[in-house]
Asker: 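Input: one structure, supplied below.
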Amino acid sequence: MNLILHNYWRSSASFRVRIALNLKGLEFEQRGVNLVAGDQKSDAFKALNPQGFVPALEVDGKVITQSLAIMEWLEDTYPEPPLMPDDDDGRALVRSMAMVVACDIHPLNNLRVLNSLRQDLGADDDQVKAWVARWIAPGFEVLDGMIARHGQGWCYGDTPGLADCYLIPQVYNANRFGVDLAPYPHIREVVAEAAENAAFAAAHPDMQPDAA
């Protein structure tokens with residue numbers, strides 16, 4: 001299969017998918033979509049993804065959007081190495097960990113929301129940072145407890161998986177906005193593991209061809 005990932009270097013949703021592709025050991029072509037310049041609003045990109053969001057994975061003429069759908073497709077299509085546990089309870093738990101980020105943290109600190117805070121409500125940089133921290137902190141508190149119960153170096157068990165694909169990009173966002181990670185020792189343990197893992201290192205925003 002020919003895999004083309006339409007993404008933006010600093011997009012955390014794109015970062016998730018790059019990690020997953022790397023963990024699966026898959027080769028893929030990257031095509032940058034500059035969100036700051038507004039490339040996502042172009043007719044050409046809207047033809048791929050009418051929602052105008054990244055990432056979008058193009059597979060032999062088909063297009064899959066939304067990071068979770070892409071990673072679930074990767075798991076179904078390329079089952080080894082797995083991103084999910086074998087048992088139903090474990091898979092449900094991993095999905096719930098991922099959704100803490102995808103549903104409860106990330107939507108409130110993505111570019112559209114932060115731009116609206118600045119442009120529509122006149123928020124300054126300090127207020128934007130406070131907003132980001134306000135929504136990351138409770139999510140990270142919950143995740144830290146879940147990792148403490150179920151992790152063995154990674155979010156779940158002793159190998160990297162779906163939940164780690166979500167957590168590490170959100171930690172990147174937290175660092176960008178000066179969120180203190182000291183209260184989350186188990187998250188910091190996962191971050192340390194990821195820093196030594198080639199799949200995560202290669203997916204890091206600073207390593208992407210379109211990095212500013």
Asker: Is the number of heavy atoms from other residues, nucleotides or ligands within 6.0 Å of CD (Glu141) greater than 12?
Answerer: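 Open: at most 12 neighbouring heavy atoms sit under 6.0 Å from CD of Glu141.
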Asker: I'd like to check Val132 versus Leu114 (side-chain heavy atoms, cut-off strictly below 4.5 Å). Are they in contact?
Answerer: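 Val132 reaches Leu114 side chain to side chain.
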Asker: Nearest heavy-atom pair of Trp154 and Ile147: which atoms, and what distance?
Answerer: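 Closest heavy-atom pair between Trp154 and Ile147: O-CG2, 3.9 Å.
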Asker: For the pair Trp135 and Phe140, evaluate side chain to side chain contact (heavy atoms under 4.5 Å, CB included) and give the outcome as yes or no after the intermediate values.
Answerer: CA-CA 9 Å; Trp135 300 111; Phe140 274 14; over 6 Å; no
Asker: Determine whether Phe15 and Asn7 make a side-chain contact, defined as any pair of heavy atoms from C-beta on separated by less than 4.5 Å.
Answerer: no
Asker: If you take all heavy atoms of Asp206 and Trp9, which pair is closest and at what distance?
Answerer: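 Heavy atoms of Asp206 and Trp9 come nearest at OD1-CZ3, 4.0 Å.
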Asker: Please tell me if the side chains of Ser11 and Phe53 come closer than 4.5 Å, counting only heavy atoms from C-beta onward.
Answerer: no
Asker: Before we go on, tell me: are the rings of Tyr172 and His204 under 6.0 Å apart, centre to centre?
Answerer: yes
Asker: What pair of heavy atoms forms the shortest contact from Glu75 to Met84, and how long is it?
Answerer: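 Of all heavy-atom pairs spanning Glu75 and Met84, the closest is OE2-N, 3.1 Å.
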Asker: Run the side-chain contact (heavy atoms from CB on, under 4.5 Å) test against Gln127 and tell me which residues pass, sequence neighbours left out.
Answerer: Ala123, Asp124
Asker: Do other residues, nucleotides or ligands put more than 12 heavy atoms under 6.0 Å from Glu29 CD?
Answerer: yes
Asker: Check whether any side-chain heavy atom of Ile187 sits under 4.5 Å from a side-chain heavy atom of Leu167, and report yes or no.
Answerer: yes
Asker: Give the minimum heavy-atom separation between Leu162 and Ala98, together with the two atoms involved.
Answerer: CD2-CB, 4.3 Å
Asker: List the residues meeting side-chain contact (heavy atoms from CB on, under 4.5 Å) with Asp125, not counting sequence neighbours, and say none if there are none.
Answerer: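 So Asp125 forms a side-chain contact (heavy atoms from CB on, under 4.5 Å) with Arg118.
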Asker: Rounded to the nearest 0.5 Å, what separation is found between the OH atom of Tyr166 and the CD1 atom of Ile19?
Answerer: 11.0 Å
Asker: Looking at Asp60 and Asn2, would you say the former's side chain and the latter's main chain have a donor-acceptor pair under 3.5 Å?
Answerer: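 Yes; at least one donor-acceptor contact below 3.5 Å.
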Asker: Between Leu143 and His186, is any pair of side-chain heavy atoms under 4.5 Å apart?
Answerer: no
Asker: Thinking salt bridges, do Lys46 and Asp43 make one under a 4.0 Å N-O criterion?
Answerer: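 Not counted as a salt bridge, because no side-chain N and carboxylate O are separated by less than 4.0 Å.
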Asker: Does Asp76, at its CG atom, have more than 12 non-hydrogen atoms belonging to other residues, nucleotides or ligands within less than 6.0 Å?
Answerer: yes
Asker: Are the side chains of Val190 and Asp164 in contact, using a 4.5 Å heavy-atom criterion?
Answerer: yes
Asker: Mark yes or no for whether Lys24, through its side chain, and Tyr78, through its backbone, hold a donor-acceptor pair below 3.5 Å.
Answerer: yes
Asker: Which heavy-atom pair separates Met97 from Ala163 by the least distance, and what is that distance?
Answerer: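 So the two residues come closest at CB-CB, 4.0 Å.
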Asker: In terms of hydrophobic clustering (I, L, V, M, F, W, Y; side-chain heavy atoms under 4.5 Å; direct or indirect links), are Leu74 and Ile4 co-clustered?
Answerer: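 Different clusters.
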Asker: Check whether Met207 and Phe200 end up in the same hydrophobic cluster, where Ile, Leu, Val, Met, Phe, Trp and Tyr are linked by side-chain heavy atoms less than 4.5 Å apart.
Answerer: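 Hydrophobic grouping puts Met207 apart from Phe200.
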Asker: I'd like to know if the side chain of Arg188 and the backbone of Ala182 have a donor-acceptor N/O pair within less than 3.5 Å.
Answerer: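 Checked: pair present.
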Asker: Report yes if the side chains of Pro85 and Leu93 come closer than 4.5 Å at any heavy-atom pair, otherwise no.
Answerer: no
Asker: Return the minimal non-hydrogen interatomic distance between Val63 and Ala56, and the atom names on each side.
Answerer: CG1-CB, 4.1 Å
Asker: For residues Leu21 and Ile70, determine if any side-chain heavy atom of one lies less than 4.5 Å from a side-chain heavy atom of the other.
Answerer: no
